[in-house]
Amino acid sequence: MAPPSPTFNRSLSLLDLTLLGFGAVFGSGWLFAASHVAAIVGPASILSWLMGGIAVLFLGLIYCELAAALPEAGGMIRYPAYAHGPLLGALLGFITVIAYSSLISIEIIAARQYAGSWVPGLTANKAGDPTLLGWGMQVAVLAGMLRLNISGVKTFALFNNIITFFKFVVPMLVIGVLLLFLRPDNFTKYGFMPFGGQSMESAVSVGGVIFAYLGLTPIIAVASEVRNPQRTIPIALTLSIFLAAFVYILLQVAFIGSVPARMLAPHGWAGIDRLLPLPFHDIAITLGLGWLGFAVVIDAVVSPTGTGNIYMGSTTRIIYAWSHSGTFLSWFGHLDPRHGIPRRAAFLTFGLGLFWMLPFPSWEALIGVVSSALIMSYAFAPVAAAALRHAAPDLVRPFRVRCIRVIGPVSFMIASLIVFWSGWYTLSWLLSVQLIFAVGFLAIRTLRAMGNTGEDIRSSAWVLAYFTGMLALSASGSFGGYGFVPHPFDDMAVVIFAGLIFIWGEHTAHRNMTLPDAPVGIPMTMTPDTLIAQEPVISL
């Protein structure tokens with residue numbers, strides 16, 4: 001008799017998953033974004049963090065419904081593929097692997113940049129470029145992450161829990177100490193929003209806010225390894241978002257209020273990121289709190305490294321899911337029989353992490369591109385959820401978003417705005433690459449007579465129209481475009497366009513949709529590709 005096929009080990013608890021979610025959200029963003037966002041917006045940067053939290057919460061609720069109904073490894077690329085066919089699965093695999101693998105490198109680079117203030121010889125210049133020694137350190141850390149990720153999910157979870165506890169304690173210490181130096185005048189003396197309302201939008205997209213928040217999909221990536229996923233995933237996901245928003249807003253308040261008056265006297269908030277490039281470390285040293293600066297440096301090495309490790313595990317599972325969708329090399333869909341880990345996908349993730357360390361040397365160099373790619377990977381989930389409501393009404397949904405007719409289109413509109421705010425410089429090539437990939441994918445399937453090409457085109461034509469329309473809107477808008485449509489009318493155009501695309505995508509689900517099946521109300525033993533049908537249903 002042949003041995004049973006290896007499956008994922010279902011061993012992650014609610015605590016494990018919540019700490020994984022918070023650990024993924026809380027990475028290098030808090031270490032760099034405070035001064036970067038303040039330089040763009042001023043004290044109104046507090047509102048930018050609130051806006052980002054609300055946007056991610058809406059998207060998170062959509063993922064709660066999808067992940068509780070279909071708890072699969074790498075679910076964020078499986079759900080759109082179920083709803084709209086193989087093109088969207090391939091496209092989401094492509095986008096998400098690019099975003100996540102580059103994010104691993106961002107976190108390691110962030111740790112190295114902060115460590116450079118402690119260990120001489122790691123950073124070459126003020127731009128944050130690494131020396132040969134610094135680059136070698138980055139590779140060594142990446143190799144350590146690989147070793148940890150192929151050791152099994154229990155080892156991974158234990159390491160993450162320890163790191164996440166430390167990641168929470170140090171920021172709360174920073175908040176408590178800096179609030180003792182609060183200067184109320186800092187919030188009004190140079191204007192609460194000195195650079196206008198449009199600056200707040202830019203801060204959300206390219207200032208690091210949305211990048212800092214977008215850590216909820218690692219929870220979805222490990223859905224097939226969670227105990228009782230119907231309850232655990234929604235609770236862990238929402239708790240992670242609320243906890244992260246609370247800490248991020250308090251950190252921004254503490255930063256704005258504690259900047260010494262002499263540093264603001266020449267130019268106000270403009271250029272504060274150049275005066276305080278490592279914001280909480282630099283402000284602690286400026287205030288004579290060397291011990292606090294030392295604690296921040298330690299956390300600055302530990303925190304991004306922990307987040308990068310989470311994303312290495314997530315990228316590995318996304319590659320596995322992409323392979324099992326039939327639109328990527330099946331060789332990467334193999335599970336190690338001993339630990340239930342996709343080792344081949346882990347080694348590919350390691351190679352991609354190495355690649356992203358080569359052309360982009362600093363945190364700032366990657367942040368705008370990765371933020372846009374990340375939000376793009378989230379954007380299609382609301383359309384998929386709405387399409388599944390229409391095409392698969394009998395699918396058991398243990399967590400059900402009651403007002404999805406409002407939350408669905410609003411989430412897609414918000415995601416589209418955040419993508420638009422990235423600016424023409426970023427989108428001109430990011431959207432073009434995705435459009436070329438989509439057209440090439442359909443052409444190859446047509447030439448090879450793979451599947452029902454006509455149905456694939458019908459169910460995914462809205463995606464091609466979305467990319468084309470967003471390119472046109474970005475080129476004609478005020479965020480780095482040619483300014484044919486002034487602000488805020490360009491924002492309004494994006495909202496209307498996204499709403500129309502949502503309606504189109506909602507009503508064009510793939511006619512040959514095949515979902516994991518389970519008898520309603522009967523618990524089942526899970527494999528990565530089966531559905532647990534379990535009551536009671538949680539509604540929101």
Side-chain angles (χ1 to χ4, degrees), residues 77 80-81 83-96 98-99 201 205-206 327 368-384 386-387 408-447 453-510:
I77 73 169
H84 292 103
L87 170 61
L88 220 56
L91 187 63
L92 263 293
F94 176 67
I95 297 170
T96 310
I98 287 176
E201 298 169 355
S205 184
V206 298
T327 56
V369 175
V370 174
S371 294
S372 301
L374 278 171
I375 197 65
M376 187 72 71
S377 71
Y378 281 62
F380 297 121
V383 188
V410 167
S411 299
F412 186 65
M413 291 173 186
I414 290 173
S416 299
L417 278 173
I418 294 172
V419 170
F420 176 69
W421 294 339
S422 300
W424 172 243
Y425 176 79
T426 298
L427 296 184
S428 59
W429 69 267
L430 184 62
L431 290 175
S432 296
V433 167
Q434 294 178 52
L435 189 59
I436 292 169
F437 178 91
V439 172
F441 178 84
L442 288 174
I444 291 171
R445 285 181 68 84
T446 302
L447 291 173
T453 306
E455 178 59 20
D456 293 346
I457 294 174
R458 185 200 70 84
S459 64
S460 57
W462 63 273
V463 181
L464 305 180
Y466 178 71
F467 288 154
T468 305
M470 288 295 289
L471 273 171
L473 289 168
S474 182
S476 59
S478 60
F479 289 85
Y482 296 101
F484 300 138
V485 182
H487 190 76
F489 297 105
D490 52 354
D491 280 357
M492 294 169 59
V494 170
V495 168
I496 294 170
F497 174 71
L500 294 173
I501 291 292
F502 183 90
I503 294 170
W504 183 359
E506 179 184 15
H507 291 89
T508 54
H510 204 281

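Just so it is clear, the values below take in all heavy atoms, side chains as well, and ignore hydrogens, waters and symmetry mates. The model shown is predicted, which means the values in this text are computed figures rather than measured ones.
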How far does CH2 of Trp429 sit from CG of Leu431, to the nearest 0.5 angstrom?
10.0 Å
Using ring-ring contact (aromatic ring centres under 6.0 Å, His included) as the criterion, point out the one residue from Trp462, Trp504, Phe380 that pairs with His84.
Trp462
Calculate, to the nearest 0.5 Å, the distance between atoms OG1 and CD belonging to Thr508 and Glu455 respectively.
9.0 Å
Quick check: do His510 and Pro86 have side-chain heavy atoms less than 4.5 Å from each other?
yes
Met413 to Gly499 - nearest heavy-atom pair and separation
CE-CA, 3.6 Å
Would you mind reporting whether Phe441 and Leu91 have side-chain heavy atoms less than 4.5 Å apart?
no
Indicate the atoms forming the closest heavy-atom contact of Leu92 with Thr96, along with that distance.
O-OG1, 2.6 Å
Just do the side-chain contact (heavy atoms from CB on, under 4.5 Å) check on Val494 and Leu473 with the steps written out, would you?
CA-CA 7 Å; Val494 170; Leu473 289 168; 4.0 Å; yes
Over 60° means perpendicular and under 30° means parallel, so tell me whether Trp421 and Phe479 are parallel, tilted or perpendicular.
tilted
Residues, nucleotides or ligands: over 12 heavy atoms within 6.0 Å of Phe437 CZ:
yes
Minimal heavy-atom distance between Ser416 and Tyr466, with the atoms involved, is OG-OH, 2.8 Å
Can you name the nearest heavy-atom pair linking Leu427 to Ser474, along with the distance?
CD1-OG, 3.8 Å
Can you name the nearest heavy-atom pair linking Thr327 to Gly89, along with the distance?
OG1-C, 4.2 Å
In terms of heavy-atom contacts, Ala465 and Ile501 come closest through CB-CD1, 4.2 Å
Which distance, rounded to the nearest 0.5 Å, do you find between the CE of Met470 and the CG of Leu435?
13.0 Å
Can you tell me how far CG of Leu87 sits from CG of Leu442, rounded to the nearest 0.5 angstrom?
4.5 Å
Between the side chain of Arg445 and the main-chain N/O of Gly440, is any donor-acceptor distance below 3.5 Å?
no
